[in-house]
Amino acid sequence: MRSTEEPVPVAGSPAEAAAAGDTSKSAGFCTGTGAARPGPLQQLHRIALVDVNSFYVSCERAFDPALAGIPVVVLSNNDGCVVARSDEAKALGIKTGEPWFKLADAAPHLGLVQRSSNYELYGDLSSRVMELLGRYALWQEVYSIDESFLGLAGTAEELDTQGADIRAAVARHTGLPVCVGIGTTKTLAKFANRIAKQNKHLGGVCSLDTMDPEVVETIMSRVPVTGLWGVGAKLGKRLGALGIRSVADLKAADPALIRSRFSVTLQRTVLELNGTSCLPLEEERADRQQLIFSRSFSVPVTTAAEMRQVMSIYAQQAAARLEREGQQARVLTAYAGTSHFSQKAASFPSVTVRLQSPTSDPVVLTRAAVGALEDSILEGVPYTKAGVMLSGLSDAGAQPVFDEFVSAHEHRHIGELLGKVADKYGAASIGLGLAGLSSTKPDWTMSRKFFSPRYTTDWDELPVVRAR
DNA sequence: GAGGTACAG
DNA sequence: GGTTCTGTACCTC
């Protein structure tokens with residue numbers, strides 16, 4: 001969902017490519033498939049990378065046709081900054097990360113429409129897309145909320161057709177637009193996906209196998225190296241100093257040199273660009289290593305009493321997630337911080353405590369989080385964010401725990417009980433101590449002024465269709 | 001092993 | 001006045 005560079009046009013033929021100015025490479029240059037162009041009947045096993053265009057914006061559009069064809073942005077928590085943009089918003093020059101307060105006044109004149117992010121909706125649509133994609137593939141790796149690697153097989157022509165079929169199916173069943181990139185390695189599939197996204201005339205599918213190798217080479221010589229998966233701004237700058245500016249430059253670089261001057265990660269990128277797979281397929285999601293519940297406040301928290309309430313609520317949220325995933329934590333870190341944008345005395349208290357034994361018990365974790373920051377919070381300091389991090393994670397029940405180390409209430413499985421109640425009656429229905437029932441929300445809680453309904457996950461917010 | 005940096009989405 | 005959140009890998013010490 002990141003795209004800051006200018007689109008790179010794709011030439012339609014080698015002749016066009018040459019006419020467009022790049023004649024520096026020979027016709028026989030390796031294309032990354034590691035072999036000559038495949039014959040028309042050759043069975044190929046390939047990796048596809050499917051992702052949803054401007055995912056959050058597309059989710060909003062799927063339920064609100066008025067958003068089609070106009071500039072739309074989706075904002076981060078507290079409506080702080082832009083996290084997703086429609087093509088029309090990109091065309092207006094709006095950048096990811098741009099603070100909303102700088103856009104708000106101009107928005108009506110620009111015809112720009114904004115939405116608060118609605119992760120419940122996006123998560124639900126994501127599951128539907130992923131389930132659908134899995135039906136089209138030999139294997140599937142769900143890589144992010146809006147991306148999946150898929151294993152496809154067939155002739156070059158059949159791969160193109162499958163890509164088109166996948167696009168049509170997702171559009172029909174979810175209303176979301178996707179692009180499909182196909183290549184021999186994950187890095188090349190990602191690259192192909194980018195080409196598909198930036199060149200509308202390809203119809204949303206780009207399979208490197210069916211393209212003329214010279215055309216591929218031309219494209220690679222024009223896409224900046226920072227357009228590659230894993231190459232960000234910092235690396236781009238360092239590479240540029242060595243004269244490596246385009247994807248083609250990096251592909252032609254000596255892997256050993258890249259390994260010594262940079263990292264094994266970038267060396268893998270070079271190898272993958274040349275058709276050697278270095279990144280394993282990860283169909284099974286690895287157990288997570290840490291879990292963070294962190295939020296900025298809508299208005300600063302300035303008292304220790306308020307911060308205790310923050311810690312209580314955040315710790316219970318973290319505990320609930322841990323419980324749901326069947327994991328336990330050995331270490332808890334509680335932290336808070338003042339604004340990075342204020343010149344006044346900055347303060348970032350952070351306290352880590354090792355728990356007696358691995359646990360997901362909300363009573364233990366809440367007590368630990370509230371206690372951890374007790375002595376570090378100064379009255380009157382304007383804290384703008386806080387968080388609870390759980391680490392040293394293990395599978396619940398993976399190792400036996402000496403009974404003496406388990407507190408009495410843990411035997412009563414309070415976390416499990418709270419989870420069941422919350423599932424049935426909503427997250428706000430139950431809580432411990434300072435997170436418990438209260439008629440009004442604390443005023444530091446997240447604000448989302450442009451929130452759309454949770455169309456697919458709440459009976460009270462279903463979309464209404466009228467016919468006559 | 002801790003802490004910092006970089007990257008991704 | 002106001003600028004997200006979550007997670008991993010690698011490097012250095």
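Just so you know, these numbers use all the heavy atoms, side chains as well, and skip hydrogens, waters and symmetry mates. Labels below follow one simple rule: chain letters A, B, ... track the order of the sequence lines, proteins then strands, and each chain is numbered from 1. None of the values given here were measured: they were computed from a predicted structure.
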Phe101(A) aromatic ring stacked with six-membered ring of dT3(C), 5.5 Å and 30°:
no
Choose from dT4(C), dC7(B), dG9(B) the nucleotide whose nearest atom is closest to any side-chain atom of Trp229(A).
dG9(B)
Out of dT3(C), dC7(B), dG9(B), minimum distance to the side chain of Cys81(A) belongs to dT3(C)
Length of the CZ-C1' vector between Phe297(A) and dG1(C), whole Å:
18 Å
Return all side-chain donor-acceptor pairs below 3.5 angstrom for residues 238-246 of chain A, not counting sequence neighbours, or 'none' if the list is empty.
residue	atom	partner	partner atom	Å
Arg238(A)	NH2	Arg261(A)	O	3.1
Arg245(A)	NH2	Gly240(A)	O	3.3
Ser246(A)	OG	Ala248(A)	N	3.4
Ser246(A)	OG	Asp249(A)	N	3.0
Ser246(A)	OG	Asp249(A)	OD1	3.4
Ser246(A)	OG	Asp249(A)	OD2	3.3

Please work out if Arg321(A) contacts a base, only the sugar-phosphate, or nothing of the nucleic acid, heavy-atom cut-off 4.0 Å.
sugar-phosphate
In whole Å, what is the span from the CD atom of Gln290(A) to the C1' atom of dT6(C)?
8 Å
Which one of Lys190(A), Arg194(A), Lys186(A) satisfies the salt bridge (Lys or Arg N to Asp or Glu O under 4.0 Å) criterion with Glu147(A)?
Lys190(A)
Has Ser86(A) got a side-chain atom pairing as donor or acceptor with Val72(A)'s backbone, closer than 3.5 angstrom?
yes
Nearest whole Å is fine: how far is dA6(B) C1' from Leu239(A) CG?
13 Å
If each of Ile292(A) and Val82(A) is mapped to the nucleotide of DNA chain C with the nearest heavy atom, which maps nearer the 5' terminus, i.e. the 5' end?
Val82(A)
Spacing between Asn193(A) atom CG and dG9(B) atom C1', to the nearest angstrom
13 Å
So if I take every side-chain heavy atom of Pro99(A) and compare against dT4(C), dT3(C), dT6(C), which nucleotide ends up nearest?
dT3(C)
For dT3(C) and Lys385(A) - does any side-chain N or O of the residue sit under 4.0 Å from the phosphate oxygens OP1/OP2?
no
Salt bridge or not for Arg135(A) and Glu131(A), using N-O below 4.0 Å?
yes
Looking at every heavy atom in both Ser54(A) and Lys90(A), which two are closest together, and how far apart are they?
OG-NZ, 3.7 Å
Nearest heavy-atom approach of Met130(A) to Ser148(A) is SD-OG, 3.6 Å
What is the distance, rounded to the nearest whole Å, between atom CZ of Arg354(A) and atom C1' of dA2(B)?
14 Å
Would you tabulate the pairs of protein nitrogen or oxygen atoms and nucleotide nitrogen or oxygen atoms of nucleotides 9-13 of chain C closer than 3.5 angstrom?
residue	atom	partner	partner atom	Å
dA9(C)	OP2	Gln289(A)	NE2	3.2
dC10(C)	OP1	Arg268(A)	NH1	3.0

The ring pair (Phe, Tyr, Trp, His ring centres under 6.0 Å) partners of Tyr383(A) (sequence neighbours excluded) come to none
In Å and rounded to the nearest 0.5 Å, what is the NZ to OG distance from Lys251(A) to Ser221(A)?
11.0 Å
Could you check whether Leu291(A) gets within reach of a base, just the sugar-phosphate, or nothing at all, counting any heavy atom under 4.0 Å?
sugar-phosphate
Provide, to the nearest angstrom, the distance between the CZ atom belonging to Arg295(A) and the C1' atom belonging to dT6(C).
9 Å
Closest to the Glu147(A) side chain, choosing from dT6(C), dG9(B), dT3(C)
dG9(B)
Calculate the interatomic distance between Lys186(A) atom NZ and dA8(B) atom P; express it in whole Å.
15 Å
Taking only the side-chain nitrogens and oxygens of Trp100(A), find out if one of them lies under 4.0 Å from OP1 or OP2 of dT4(C).
no
Atom-pair distance (CD1 on Ile145(A); C1' on dT4(C)), nearest Å
14 Å
